[in-house]
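Working notes for the structure below.
Letters A, B, ... mirror the listed sequences (proteins, then strands); counts begin at 1.
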Amino acid sequence: MKNDEVEKFSNKEIAHLLRSMAAAYLLTGVNRFRIIAYEKAADSIEHLTREVKDIWQEGKLFEIPGIGSAIGSHLEDYFRSRKSRHFDSILKKIPGSVFVLMKIPTIGPKKAYKLVRELKLLNSATVIEDLKQACTQGEVAKLETFGEKSEKDIVEAINLFEKKSAKIERMPLPYAFVIAKEIIDYLKKNPRVKRVDALGSLRRMVATIGDIDIAVQIKSHKVHQVQKVYKEIIDYFIKFPKKVKVDNAGEKKASIIVHPNIRVDLRVQDEKSYGSMLQYFTGSKPHNINLREYALKNGFSLSEYGIKPLKEVRSKKLEVGSYNKKSNIYEFNSEEKFYDFLGLQYIPPEIREGTNEIEGALRHRIPKLIQREDIKGDLHIHSSYNLKPSHDLGNNTYLEILKKASQLNYQYVGFADHNPKLSGLSSHQVIEIMKLRNQEINKIRKKSYKVKSFIGLEVDILPDGRISLPEGAIDYVDYLIVAIHSLFNLDLETMTNRVLRALSYPKVKILGHPTGRLLGKREGYELNWTKIFAACRQSNIAIEINSWPDRLDLPDLLVREGLTHKAKFMLNTDAHANSQLEGIFYGVSVAKRGWCKKNDIINTLSYEKFRNWILDIRY
DNA sequence: GCCGTTTTCGGCCCGACTGTTTTCAGTCG
């Protein structure tokens, strides 16, 4: 029962509901802008980095872009009573099997409706199999505007869909990075290729990635050769060794599916319009739509080729772009020039999400976002030192970690092994273990290695909010990270009180991986964030942005919300091996997406200031 | 149905690719 509910209110399901509404309106014929509004709302919810149901519970449903008074109040009905009379009254006009077919890529509302109507596919539970059978029997090819090719394509699309829906659909960002790098390296080997960029959600560093988008800039060629070079690169791309299928391949774009069923889109462009192309292909969709609407109001039309004046625009300082007289378009080789032409401050990819970044850029209020180089230390590192921990040990010794930290130009690190397992050990034994560890680290510290260290510990928050460490053991650490590692499904209030209690212990300085989410595997637990942010601020506790590939926790939307509550954050890796320390890069991207500046992040402080903070030394 | 630095009314992004057509509709990003 509980699982059904979660499924019913998942972002994916809500998006599908709204998309079904758009389809029903399309098929019954209403003002097309109402249809677009529903589609926009569906897109918006599908790409949220938090659960829409949680946002509704916090009373912030109407803050989601594209959710206005009408759709918002219908959704409220739906969340409250599991149904909306308005949605139901519209949806019942169309056979339910139409909405099921629409889940298959390349089948939209019109094709779905036609297939259902002509072939009488009215059983929602079996419609996909029924359609497949109709295809194999040649019935689809007989229909008007369908043919043998489309019949074959439908079968293929269904097979791919069934394969895909059996596994996770979006992968954590770091996994997508690995795949993208392989393709980028492959493309760079082509002598016609000058530059390759990963774009789309990958460039915006969204926590989970659906498709991989890539742009290629060709080396300069004579004008009449450009088309030929585009074609050569497209041909090369679709021969990528790990491709399982070529989805489409035209003159300037192509899509392939690579193992294990990931779609990769490629676009090619020459240098003079490459900036326009980067801008266009980076998205997000809401950002681009907002930007184009803004441009329209100023008399310009935007595309991946550049900026086209709608009327005769003479004068002005139009030298930022180069004017192509033949096509009446201003071309841009860099994004900076593209935004500048529109009178906007440059907007970093990470915050192009269609919230209020265009308004900010217009007023030159886009903050300088945190950079990787600003990070001075990592305070959540697991070593190989065996203190009989409750969870896994790391791979490297304290000394090895210090050496690696030095390579990363860190000034300090924090050793945050898991607390000793409480079961099977007496309090006295735990205290002894902690004491020995403290002595061990102090021995290493005496070698006066240039990277300084703090003695931390990652401590479980028990179900009742106590921490899993005997009182006397606290003397042997500089600071504690508290985090939940079990019993994730308590209700919001119990969970909130549990965390608040843990935060009240002495030496607690960090709330670790605060939502407990595992991307694609486990939703985070619910907390009253207003209370958590307030408690952390009051007790001078940092909220962790954990860079572990499956976590990327805190989610970016909560980071941004935290800033409005004046929360302070800390960027850590949770590394269990030295190579993983480099993953801090992913945490930085989460912070950027949350609009963090350098001084929003505690571990950008220099060693002396940071030491005062973490040891709670007051002046 | 949504939205706001010319607006609470009157607008609403833009182009590529494919299959089935003979100029286009549907889908996608």
Nearest-Å distance, [atom1] ([X]) to [atom2] ([N])?
X	N	atom1	atom2	result
A/Ile36	B/dC2	CD1	P	13 Å
A/Glu39	B/dC2	CD	C1'	14 Å
A/Arg34	B/dG10	CZ	P	19 Å
A/Ile67	B/dC2	CD1	P	8 Å
A/Ile307	B/dG15	CD1	P	13 Å
A/Asn298	B/dG11	CG	P	17 Å
A/Tyr294	B/dC14	OH	P	15 Å
A/Leu302	B/dC12	CG	P	14 Å

[X] bridged to [Y] by N-O distance under 4.0 Å:
X	Y	result
A/Asp556	A/Arg50	no
A/Asp88	A/Lys92	no
A/Lys142	A/Glu118	no
A/Lys285	A/Glu46	no

Identify the nucleotide, in any strand shown, that forms a Watson-Crick or G-U wobble pair with B/dT8, with both distances under 3.5 Å; if there is none, say none.
none

Using the [atom1] atom as the reference point in each nucleotide, state the distance between [N] and [M] in Å, no decimals.
N	M	atom1	value
B/dA16	B/dG11	P	27 Å
B/dT20	B/dG26	C1'	11 Å
B/dC12	B/dT7	C1'	13 Å
B/dG15	B/dT21	P	28 Å
B/dC14	B/dC9	C1'	25 Å

Which listed nucleotide (B/dG1, B/dC17, B/dC12) is nearest to the side chain of A/Leu296?
B/dC12

Contact class for [X] (heavy atom, under 4.0 Å): base, sugar-phosphate, or nothing?
X	value
A/Asn248	sugar-phosphate
A/Ala249	sugar-phosphate
A/Ile35	nothing
A/Lys297	base
A/Ser69	sugar-phosphate

Checking salt bridge (Lys or Arg N to Asp or Glu O under 4.0 Å) between A/Lys132 and each of A/Glu162, A/Glu139, A/Glu156, A/Glu151, which is the one that passes?
A/Glu162

Does the side-chain ring of A/Phe33 lie flat on the base of B/dC12, meaning centres under 5.5 Å and planes less than 30 degrees apart?
yes

Are the aromatic rings of A/Phe300 and A/Tyr330 close, with centres under 6.0 Å apart?
no

For the ring pair A/Tyr186 and A/Tyr236, is the centre-to-centre distance below 6.0 Å?
yes

Any pair counted as ring-ring contact (aromatic ring centres under 6.0 Å, His included), so long as it reaches residues 77-97 of chain A, sequence neighbours left out:
A/Phe9-A/Tyr78, A/Phe9-A/Phe79, A/Trp56-A/Phe79, A/His74-A/His86, A/His74-A/Phe87

Going by a 90° cut-off around 0, is B/dT21 syn or anti?
anti

For nucleotides 19-29 of chain B, 5' to 3', base contacts (B), sugar-phosphate-only contacts (S) and non-contacts (-) with protein non-hydrogen atoms under 4.0 Å give SSS----SSSB

